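Scroll down for the structure; my scribbles are underneath it.
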Amino acid sequence: QVQLVESGGGLVHPGDSLRLSCASSGFILDYYAIRWFRRAPGKEREGVSCVSRTDNTTYYKDSVKGRFTISRDSAKNTVYLQMNNVKPEDSAVYYCAALIDCSGTFPKVGSWGQGTQVTVSS
């Protein structure tokens, strides 16, 4: 029954900023690599960003490099995805997953949550 809970999405304009949150009350996120995925209508789920478990190394999909930043707040047991200069192609449902490492594609603990919708529109 444990799962991650995503929040922070909404309707924004191109060039705007927003911050997504990934939180859990069932386990400690610091023990896992945390990877953000997104799925647009009619498209497959794709990896967006990841922060590693061992040294907090960060990784980004090429199309979001320089615009998105992933970070941890251990005290709040939360991982964030700061999205700056958003584009219409960023529109999707965003999900987070707790993995053994950043090469993973399925959650090690918990299950897929409902995600949070990001819509970028003029």
Side-chain angles (χ1 to χ4, degrees):
Q1 295 184 3
V2 297
Q3 65 178 353
L4 299 178
V5 178
E6 302 92 345
S7 63
L11 175 63
V12 294
H13 296 101
D16 284 352
S17 297
L18 71 167
R19 187 177 71 169
L20 308 185
S21 297
C22 174
S24 172
S25 61
F27 50 92
I28 300 174
L29 297 186
D30 278 353
Y31 294 171
Y32 305 93
I34 305 298
R35 190 175 184 185
W36 283 96
F37 297 84
R38 67 187 182 189
R39 177 175 285 170
K43 302 294 182 66
E44 295 295 318
R45 189 192 310 271
E46 64 177 358
V48 178
S49 184
C50 188
V51 57
S52 72
R53 172 179 57 85
T54 55
D55 60 2
N56 282 331
T57 300
T58 57
Y59 304 90
Y60 300 92
K61 177 180 174 66
D62 285 345
S63 63
V64 308
K65 287 180 179 178
R67 299 189 297 118
F68 292 7
T69 303
I70 189 170
S71 62
R72 296 182 186 269
D73 186 333
S74 297
K76 295 182 178 180
N77 199 29
T78 300
V79 172
Y80 301 103
L81 184 67
Q82 178 68 42
M83 304 170 62
N84 295 332
N85 190 26
V86 295
K87 302 177 179 180
E89 54 263 40
D90 295 323
S91 296
V93 178
Y94 285 71
Y95 305 85
C96 57
L99 312 172
I100 187 64
D101 59 57
C102 280
S103 67
T105 57
F106 292 95
K108 179 176 174 59
V109 297
S111 60
W112 295 110
Q114 295 301 306
T116 186
Q117 176 73 54
V118 174
T119 302
V120 183
S121 176
S122 299

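What you see below is based on every heavy atom in this structure, not just the backbone, and it leaves out hydrogens, waters and symmetry mates. These numbers come from a predicted model, not from an experiment.
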So ring pair (Phe, Tyr, Trp, His ring centres under 6.0 Å) across residues 73-122, not counting sequence neighbours, yields Phe37-Trp112
Tell me the side chain to side chain donor-acceptor pair (under 3.5 Å) pairs involving residues 14-24, sequence neighbours left out? Ser17-Asn84
If you define the side chain from C-beta out and look only at heavy atoms, does anything of Asp90 sit under 4.5 Å from Phe68? yes
Quick check against the 3.5 Å criterion: does Asp101 have a side-chain atom that pairs as donor or acceptor with the backbone of Ala33? no
Residues passing the side chain to side chain contact (heavy atoms under 4.5 Å, CB included) test with Asn56, sequence neighbours excluded, are Val51, Arg72
Mark yes when over 12 heavy atoms from residues, nucleotides or ligands other than Gln117 sit less than 6.0 Å from its CD; otherwise mark no. yes
hydrophobic_cluster_shared for Leu18 and Trp36, side chain cutoff 4.5 Å: yes
Determine yes or no for a side-chain-to-main-chain donor-acceptor pair under 3.5 angstrom, with Tyr59 supplying the side chain and Ser52 the backbone. no
Sequence neighbours excluded, the answer for side-chain hydrogen bond (donor to acceptor under 3.5 Å, both in side chains) partners of Thr57 is Asp55
side-chain hydrogen bond (donor to acceptor under 3.5 Å, both in side chains) against Asp30, all qualifying residues, sequence neighbours excluded: Ser74
Identify the heavy atoms of Ile34 and Ile70 that sit nearest to each other, and give their distance. O-CD1, 3.7 Å
Treating Ile, Leu, Val, Met, Phe, Trp and Tyr as nodes and any side-chain heavy-atom pair under 4.5 angstrom as an edge, say whether Tyr60 and Val79 lie in one connected cluster. yes
Would you please name every residue forming a side-chain hydrogen bond (donor to acceptor under 3.5 Å, both in side chains) with Lys65, sequence neighbours left out? Asp62
Going by the rule side-chain hydrogen bond (donor to acceptor under 3.5 Å, both in side chains), which residues pair with Ser71 if we only count those two or more places apart in sequence or in a different chain? none
Search all heavy atoms of Arg53 against all heavy atoms of Tyr31 and return the closest pair with its distance. CD-O, 2.6 Å
For Ser49 and Val64, what are the C-alpha separation, side-chain angles and deciding distance, and is it a side-chain contact (heavy atoms from CB on, under 4.5 Å)? CA-CA 8 Å; Ser49 184; Val64 308; 5.5 Å; no
Could you note down all residue pairs passing disulfide (SG to SG under 2.5 Å) where residues 25-63 supplies at least one of them, sequence neighbours left out? Cys50-Cys102
Just grab all the disulfide (SG to SG under 2.5 Å) pairs involving residues 56-91, residues at least two apart or on different chains. none
When every non-hydrogen atom of Leu4 is compared with those of Cys22, the smallest separation belongs to CD1-SG, 3.6 Å
Which atom pair, heavy atoms only, marks the closest approach of Leu99 to Arg35? CD1-CB, 3.5 Å
Tabulate below the donor-acceptor pairs under 3.5 Å that side-chain atoms of residues 6-14 make, not counting sequence neighbours, or state none.
{"residue": "Glu6", "atom": "OE1", "partner": "Gly115", "partner atom": "N", "Å": "3.1"}
{"residue": "Glu6", "atom": "OE2", "partner": "Cys96", "partner atom": "N", "Å": "3.0"}

Would Val118 and Leu20 count as a side-chain contact (heavy atoms from CB on, under 4.5 Å) if you check the C-alpha gap in whole Å, the side-chain angles of each, and the deciding distance to 0.1 Å? CA-CA 9 Å; Val118 174; Leu20 308 185; 3.9 Å; yes
Kindly state each residue pair satisfying salt bridge (Lys or Arg N to Asp or Glu O under 4.0 Å) with at least one member in residues 111-122, sequence neighbours excluded. none
What residues, two or more places apart in sequence or in another chain, satisfy side chain to side chain contact (heavy atoms under 4.5 Å, CB included) together with Glu46? Arg38, Lys61
